[in-house]
A.B. asks: 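I have a structure I would like to understand better, so I am pasting it below and will then ask my questions one at a time.
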Protein chains: 2
Amino acid sequence: MSTIYEVSKLAGVSIATVSRVLNNNKVVNEKTRRNVLDVIEQLNYRPNASAKSLASQITDSVGILVPEFHGPFYGCLMGSIEKTLRAKNKYALVASGQSSEEIEKKSIEFLISRNCDALVLHVEALSDEYLIELSKKNTPFVLINRYIEEISHHCIYLDNEHGGYIMAKYLLEQGHRNFAYISGPLQKSDSKGRYLGVQQALLEYDISLNESLFYQGNFHQECGSKAMKKFINSNVGFTAVICANDQMAIGALLVAHEKGIDIPRDVSFIGFDNSILAQYSYPELSSIDNQVENIGEMAANWVLKYVYQEPLKDIEHILKPRLINRNSVSTLIERFIYIS
Amino acid sequence: MSTIYEVSKLAGVSIATVSRVLNNNKVVNEKTRRNVLDVIEQLNYRPNASAKSLASQITDSVGILVPEFHGPFYGCLMGSIEKTLRAKNKYALVASGQSSEEIEKKSIEFLISRNCDALVLHVEALSDEYLIELSKKNTPFVLINRYIEEISHHCIYLDNEHGGYIMAKYLLEQGHRNFAYISGPLQKSDSKGRYLGVQQALLEYDISLNESLFYQGNFHQECGSKAMKKFINSNVGFTAVICANDQMAIGALLVAHEKGIDIPRDVSFIGFDNSILAQYSYPELSSIDNQVENIGEMAANWVLKYVYQEPLKDIEHILKPRLINRNSVSTLIERFIYIS
DNA sequence: TTGTAGGCGTTATCAG
DNA sequence: CTGATAACGCCTACAA
């Protein structure tokens, strides 16, 4: 691999000049710039990243920490971050935190020790205090899908409450009045937000959730199945099941199938996340888009703007979810009209 | 951030000695090592990665190139690679190739220019020639799920032929004799392998595939649906549909549902990949495990063994798929016995 | 067993 | 506008 010295020698200039053209420093004469550029091409010279980092304190790399790489959410998130970063010649260094406080902590140190210019964090186990403390250190970071007031400028997240609101609202508008709700773990802020949003919509119609038609799950499929069984056994009537994510919705669908329930004729279902599962389920599941790609892009833009001084317009910190309608919700209104 | 100089000063030794204890060089006296270690702890010293790389020509980072980050396969792959690497304090740098020859090429240069010690490549558009040429350059690499004879030592891949064989064999053993087959694009080696394996199993039973019961798709869901429609319209009888991946199987399932076909009573289905979709489909889909995690781990081990000289046992280059049985295949034999 | 000193390939400050 | 030259922080012969 050729070095800046060889370029300077062949071009008949000093390494300082070569460095200037490499970094687009305006002061160099157009003629010498051309000449240097030619030699660079000719030698197929590529600057050494380590040397550059050592001298400039900039690595052009940003660390991404997510709980895990598989699953529909994090892949998309990383994908859109990398794509956005990459367009500006920045590198993505990745690590998984596995939802363990210790591993998340270590991963952050791991990434910092690699001199990442910035971090994008989707952490679950780390405390607010730790993150607030981290914000006082040297490495800037963005926090995905988590809101901490003291460092709100670092936070980019989905408006879960609005998401919960629109999913319930939609069902209400279709004429549904009797709901079952499968929640995520309520100590998690996203679950809480979704639940609050749902309740708010119900409140507007003076409806409250029957206790036997509420189930708190952990976002996995099996909970959805358990929940559905509980609902059916309760013998309390309902026409729609609202699920805090798609996986639990699928779990519930499976049980409904087993029990011979016709979907959406007998019972409607709506999920959250608009994950790939929603498209592939039977029937295809109506769901709430979680904006994962936009969030990733926004996070990358945050870094580009505030860390790399790229001229970008304002960062949106709160992303709004949208309803994606498929085939799992029936309109009671139409049917009613039709029948009568 | 403290440097090696500060450590050396406080410990009363030279930086060379500090460097030695950092790199576990045996020659240093146990007492001075302890002392240095203490000071390192005390100062919370972390070696500067850029400086280390510049001096040693080793970055401890390996580049991973996959077509995309989302989807069930690549997330798992990256996850298992990162986990394995991470356990040995190596970093994962990621890039997406987007199945475009140009982008794949640029991504490789991108990763090489970052001084990756090695690459793990899952590329689709790049030619064999390019990769063979690449193998002559400085940066070692592993090639995932692709076999090129000239650089076979670099290749780690699934035995697709065996996978095709066991999926057909299993159905045969359950008494099925009339098959429909939904293939992937046959110019791709994995599709070809799976197809060959299936044919081989059929051959053992003197069965050949009816042309109207063959469909070449592109691994996406819609193809599965189209294929299923074609099969049904052909009016040729079949009791089982063999699908070259899960997504197409799901597409076919959807159509089967629409047509009121009872699965698996009327028709059995089997997929390939054992992706998350297989668990979440209705009915849960029997499938062939594609060993993605083992492949990722093996690739990382390849790098650890041959690039970082970690003492590891032999690398398996060909991974064997396994049958994962769920609820989408019926046994004709039992039914026959039962009826008679 | 330890220390000295040159080198890794850039960037950036000062003179010129 | 260009050129010397001192960092940047670490590794590694070579010497002692």
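The chains referred to below are lettered A, B, ... by the order of the sequence lines, with proteins before strands, and numbering in each begins at 1.
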A.B. asks: What is the separation between atom CG on A:L43 and atom P on C:dG9, rounded to the nearest whole Å?
C.D. replies: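 Going from A:L43 (CG) to C:dG9 (P), I get 14 Å.
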
A.B. asks: Taking any heavy-atom pair under 4.0 Å as a contact, classify B:V28: base, sugar-phosphate, or nothing.
C.D. replies: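 The residue B:V28 makes sugar-phosphate contact but no base contact.
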
A.B. asks: Find which nucleotide of DNA chain C each of B:Q57 and B:A16 is nearest to by heavy atoms, and output the residue with the more 5' nucleotide.
C.D. replies: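 Mapping each residue to its closest nucleotide by heavy atoms, the 5'-most match is B:A16.
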
A.B. asks: Would you say D:dG3 has OP1 or OP2 under 4.0 Å from some side-chain N or O of A:Y5?
C.D. replies: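 No, because none of the side-chain N or O atoms of A:Y5 sits under 4.0 Å from OP1 or OP2 of D:dG3.
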
A.B. asks: For C:dT11, take OP1 and OP2 only and decide whether either is under 4.0 Å from a side-chain N or O of A:S56.
C.D. replies: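 For A:S56, the contact criterion (side-chain N or O under 4.0 Å from OP1 or OP2 of C:dT11) is not met.
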
A.B. asks: Would you mind telling me which of D:dG3, D:dG9, C:dT2 lies closest to the side-chain atoms of B:T3?
C.D. replies: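 Of all the options, the side chain of B:T3 is nearest to D:dG9.
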
A.B. asks: Measure from CD1 on B:I15 to P on C:dT4 and round the result to the nearest Å.
C.D. replies: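 Rounded to the whole Å, the gap is 10 Å.
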
A.B. asks: Is it the case that A:K90 places NZ or CZ above or below the six-membered ring of A:Y308, under 6.0 angstrom from the centre and within 45 degrees of the axis?
C.D. replies: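 Output yes; distance and angle both within limits.
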
A.B. asks: In sequence, state the C-alpha distance, the side-chain angles, and the governing distance for A:E68 and A:S96, and then conclude on side chain to side chain donor-acceptor pair (under 3.5 Å).
C.D. replies: CA-CA 5 Å; A:E68 61 201 21; A:S96 62; over 6 Å; no

A.B. asks: So, is A:N23 close to the C:dT11 phosphate, meaning a side-chain N or O under 4.0 Å from OP1 or OP2?
C.D. replies: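 A:N23 to C:dT11 OP1/OP2: side-chain N or O found under 4.0 Å.
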
A.B. asks: Grab the CG-P distance between B:N48 and C:dT10 for me, whole Å please.
C.D. replies: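 Rounded to whole Å, this separation is 17 Å.
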
A.B. asks: Expressed in angstrom and rounded to an integer, what is the separation of A:N24 atom CG from C:dT10 atom P?
C.D. replies: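 Whole-Å distance recorded here is 16 Å.
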
A.B. asks: Write down the distance between CG (B:L54) and P (C:dT11), rounded to a whole number of angstrom.
C.D. replies: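 Atom CG in B:L54 sits about 12 Å away from atom P in C:dT11.
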
A.B. asks: Whole Å only: how far is the CD1 atom of B:I58 from the P atom of C:dC8?
C.D. replies: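 To the nearest whole Å, that distance equals 16 Å.
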
A.B. asks: How would you label the contact of A:V13 with the nucleic acid (heavy atoms, under 4.0 Å): base, sugar-phosphate, or nothing?
C.D. replies: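 Sugar-phosphate only.
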
A.B. asks: When you measure from the centre of the six-membered ring of A:F110, is the NZ or CZ of B:R86 closer than 6.0 Å and no more than 45° off the axis?
C.D. replies: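 Yes, a cation-pi geometry.
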
A.B. asks: Would you find more than 12 non-hydrogen atoms of other residues, nucleotides or ligands less than 6.0 Å from B:E102 atom CD?
C.D. replies: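 No.
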
A.B. asks: How many Å lie between CD1 on A:I4 and C1' on C:dG9, as a whole number?
C.D. replies: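 These atoms are roughly 8 Å apart.
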
A.B. asks: Base, sugar-phosphate or nothing for B:T32? Non-hydrogen atoms, less than 4.0 Å.
C.D. replies: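 Answer is sugar-phosphate: B:T32 comes under 4.0 Å of backbone atoms only.
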
A.B. asks: Round to a whole Å and report the spacing from NZ of A:K9 to P of C:dG9.
C.D. replies: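 Atom NZ in A:K9 sits about 13 Å away from atom P in C:dG9.
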
A.B. asks: So A:R46, base contact, sugar-phosphate only, or nothing? Heavy-atom distance under 4.0 Å.
C.D. replies: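 Sugar-phosphate contact only - A:R46 comes under 4.0 Å of backbone atoms but never of a base.
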
A.B. asks: Does any donor atom in the side chain of A:R33 or A:N35 lie under 3.5 Å from an acceptor atom in the other side chain?
C.D. replies: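 Checked: A:R33/A:N35 side chains show no N/O donor-acceptor pair below 3.5 Å.
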
A.B. asks: Spell out yes or no: do the side chain of B:R20 and the base of C:dG3 have one donor N/O and one acceptor N/O closer than 3.5 Å?
C.D. replies: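 Present.
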
A.B. asks: Starting the side chain at C-beta, find the nucleotide from C:dT2, D:dC11, D:dA4 nearest to B:A55.
C.D. replies: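 Side chain of B:A55 sits closest to D:dC11.
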
A.B. asks: Any side-chain N or O of B:S19 under 4.0 Å from OP1/OP2 of D:dC11?
C.D. replies: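 Yes.
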
A.B. asks: With respect to B:V62, which candidate in B:L304, B:V120, B:L111 satisfies the side chain to side chain contact (heavy atoms under 4.5 Å, CB included) definition?
C.D. replies: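 Among B:L304, B:V120, B:L111, the one that satisfies the side chain to side chain contact (heavy atoms under 4.5 Å, CB included) with B:V62 is B:V120.
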
A.B. asks: Between B:R33 and A:S2, who's closer to the 5' end of DNA chain C by nearest nucleotide?
C.D. replies: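 With B:R33 and A:S2 compared, the 5'-side residue is B:R33.
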
